[in-house]
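Lettering of chains follows the sequences in order, A, B, ..., and the numbering in each one begins at 1. In this text the structure is predicted, and so the values were computed from the model without any measurement.
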Amino acid sequence: MDMTYATAAAPTVAKRKRSAFARHIVAYLFISPWILGFLFFTLGPLVFSLTMSFYDWPVVGERTFVGLDNYRSMLFEDQQFWESLWITVKFAAIYVPFNIVMSFLLALMLHHIRFASGFFRTAFYLPSVISGVALVTIWSWIYSREYGLLNFMLSFVGIDGPNWLGDPNLAIIAIIIASLWGLGGTMLILLTGLKAIPKELYEAATVSGVPGWAQMVFITLPMLGPMLLFTFITSIISAFQQLTIALLLTKGGPLGSTYFFAMYIYDNAFKYFDMGYAAAGSWVMFIIVLLLSLGVMRWSAAWVYYEGEVRQNDGDGHA
Amino acid sequence: MAAIRIDNLRKGFGSLEVLKGINLDIADGEFVCFLGPSGCGKSTLLRSIAGLEDLDGGSIRLGERDITEVASAKRDIAMVFQNYALYPHMNVRKNLSFGLALNGMKRDEIDRRVDNAADILRIKELLARKPRQLSGGQRQRVAIGRAIVREPKLFLLDEPLSNLDAGLRVTMRVELAALHERLGVTMIYVTHDQVEAMTLSDRVVVLDKGKVSQFGTPLELFYQPANLFVAGFIGSPRMNFVTTEVTGQVDTSVTLNGGGLAHPLTLEMQSAAPVAKPKSVTLGIRPDKIELVSAEEGHLVGDVRLVERLGTESHVHISLENGGDMTAVVRGTHPVSARERVHLRLAAEHCHLFDGDGQAVARRLDVETQALINQEKAKRVA
Ligand SMILES: Nc1ncnc2c1ncn2[C@@H]1O[C@H](COP(=O)(O)OP(=O)(O)OP(=O)(O)O)[C@@H](O)[C@H]1O
Ligand SMILES: [Mg+2]
């Protein structure tokens with residue numbers, strides 16, 4: 001009996017295996033455009049740039065393997081590397097908190113207003129879909145010393161507007177403001193998060209006499225934790241990648257006051273044609289951003305709550 | 001603990017009128033259910049009492065206090081939400097103590113109340129857990145615990161058991177009744193499950209399209225429904241209705257014939273007041289008060305459509321000859337089968353009569369039933 005059963009079962013199993021394989025083939029075919037794109041346009045360049053960073057790699061001419069030389073001279077001999085990194089860190093230190101806080105406040109406002117909320121949502125999001133170049137054109141017009149909108153408005157309150165883009169102290173602020181213009185994306189993420197918080201939580205709190213500020217601190221913020229973490233990390237990444245606005249608005253000036261790290265890499269690649277050195281710079285940036293992100297994520301364990309996750313240490317009362 | 005008095009409460013959403021003038025008088029310590037079909041305004045009424053809705057009119061008093069304009073937090077109430085509304089990122093202890101701590105209560109007082117509530121609800125060993133680590137029934141307990149720690153004058157519960165499975169529902173129902181007994185506090189409970197309403201409450205508010213259809217004890221609703229809506233809503237399987245006419249009245253005896261009836265039927269009313277015109281009336285009879293009889297004894301004739309045999313009883317669904325349907329519940333496994341012609345006898349003393357507007361004409365109850373109803377009322381007062 002057992003024998004019969006075994007021999008009869010064998011082909012069925014084989015058949016099932018084959019059909020599972022066939023199903024997978026189809027699935028892979030469906031995602032193949034993305035996989036190919038990832039291989040050729042993401043993973044390929046990534047590996048390629050890592051290789052490049054170990055070479056002296058001029059655009060034309062002989063490539064020579066130099067090992068860690070690019071990294072060594074960047075970290076220990078290149079004044080400009082440290083200066084541009086410092087400018088980027090300063091920028092990030094102001095941009096990231098402002099980006100998150102302002103997006104959050106805007107999202108809160110949009111979440112609560114009833115009148116024309118759709119219009120405002122679109123209006124605030126619009127700048128983040130406008131191309132960087134168009135955005136910079138608008139801002140260079142706003143910041144213009146003689147004809148700029150900003151100084152024109154300041155003249156109404158009797159202030160003789162400064163030369164925004166010409167003053168080394170103001171230029172970086174001008175770039176921060178222009179960058180914050182695109183916070184619509186962050187705002188939208190937080191708005192979605194706000195809308196996902198069940199309103200009964202607030203009602204329950206209201207009935208038990210929890211004041212509004214406490215509902216914000218003890219309900220809204222924790223419930224928004226994963227979203228806040230996400231926007232925190234993406235803001236850090238975009239702060240370090242800051243290039244377009246500085247490149248077009250100030251060209252790194254005045255006096256190198258807006259010479260961002262990304263611009264430093266850009267110049268090494270396309271001005272000095274030192275591809276190996278530029279690639280090394282990119283990897284340094286990658287590692288810095290990676291470490292920062294890991295740091296933020298580790299720190300976030302203290303304040304981010306995930307609905308799905310069960311941690312070891314929140315076991316039952318006997319522990 | 002406090003009584004609640006609601007006067008002419010009105011509430012709408014835009015052009016949709018949801019509560020159309022609600023009047024209620026709920027006694028101190030009473031357990032009252034709001035019962036009604038989906039969308040009739042039960043939750044809206046409860047939320048209005050909680051102070052979570054802006055009213056269009058009317059007033060609410062809790063004890064001696066007019067709370068119509070009082071902020072929700074200051075109403076001395078606690079509310080349990082249908083989906084529990086536990087704070088997912090806080091553990092159970094924090095869920096219970098959160099509101100108290102923010103109202104500046106002393107630590108030992110908070111601990112005393114939380115431990116007391118945990119004791120009552122048997123959730124002591126769950127205090128360190130997060131809501132997601134709890135079963136549905138445990139979450140429900142925590143939600144109720146969050147209400148208990150407030151030591152409110154009034155408990156409001158919006159379908160608190162509707163997310164639980166059938167077995168747990170019965171258990172929690174018993175526990176809720178025990179809790180009410182123990183705390184002695186006024187409770188209002190929303191449900192669309194009439195079994196819950198009938199078993200738990202001292203009195204039931206039946207809501208229909210934003211109006212109070214009837215407010216009475218469970219037995220009153222069952223034996224003396226005030227109108228067609230309540231008659232049809234309370235009781236399962238539901239009451240049968242036959243349209244007929246008043247052909248004569250002598251003192252309190254009203255004789256019906258014609259319409260759906262094949263033979264005349266005489267009912268005893270409470271008073272001799274003539275049944276209002278038009279004479280076209282509705283006769284109501286519960287399925288278990290119908291007998292399958294021989295041709296000469298029957299008031300109605302019809303064909304069996306379907307027989308559901310449940311063991312202890314059989315539900316016989318009948319299409320009446322004069323139009324309309326009827327369900328009869330007979331004891332045991334009845335031999336009748338589909339497509340068979342049957343004759344039905346209605347027990348006159350169990351018939352309900354409704355006038356042309358659907359309002360009940362008060363019927364004379366037998367002594368025993370009347371005694372039961374009085375007993376239930378007396379218990380409520382005590
Ligand atoms: N915030 C709101 N905005 C607009 N309409 C609402 C709102 N809340 C309730 N309604 C409407 O009011 C009516 C009554 O709703 P309510 O929630 O009180 O019903 P309910 O009796 O509790 O029903 P259920 O048994 O389904 O919970 C419904 O028609 C509903 O659509
Ligand atoms: Mg409801």
Is the number of heavy atoms from other residues, nucleotides or ligands within 6.0 Å of [atom1] ([X]) greater than 12?
X: A/Tyr202; atom1: OH; value: yes
X: A/Met109; atom1: CE; value: yes
X: B/Glu69; atom1: CD; value: no

> Side chain, backbone, both or neither: which part of A/Phe218 has a non-hydrogen atom closer than 4.5 Å to chain B?
Replying inline: both
Does any backbone or side-chain atom of [X] lie under 4.5 Å from a heavy atom of chain A? Answer side chain, backbone, both or neither.
X: B/Asn103; result: side chain
X: B/Leu86; result: backbone
X: B/Arg93; result: neither

> Any ion pair linking B/Arg203 and B/Glu30 (charged N to carboxylate O, less than 4.0 Å)?
Replying inline: yes
>> Please determine whether a side-chain nitrogen of the Lys or Arg among B/Lys11 and B/Glu17 lies less than 4.0 Å from a carboxylate oxygen of the Asp or Glu.
In response: no
>> Under a plain distance cut-off of 3.5 Å, with no hydrogens placed, do A/Ser179 and A/Gln242 share a side-chain donor-acceptor pair?
In response: yes
> Any chance the side chains of B/Ser135 and B/Gln140 put a donor and an acceptor closer than 3.5 Å?
Replying inline: no
>> Sort by residue number and list every residue of residues 70-78 of chain B having at least one heavy atom under 4.5 Å from chain A.
In response: B/Ser72, B/Ala73, B/Ile77, B/Ala78
> Highest number of heavy-atom pairs under 4.5 Å with chain B: which of A/Gly209, A/Ser208, A/Ala205?
Replying inline: A/Ser208
>> Between B/Phe98 and B/Tyr87, is the ring-ring contact (aromatic ring centres under 6.0 Å, His included) condition met? List the steps.
In response: CA-CA 9 Å; B/Phe98 179 52; B/Tyr87 311 120; 5.1 Å; yes
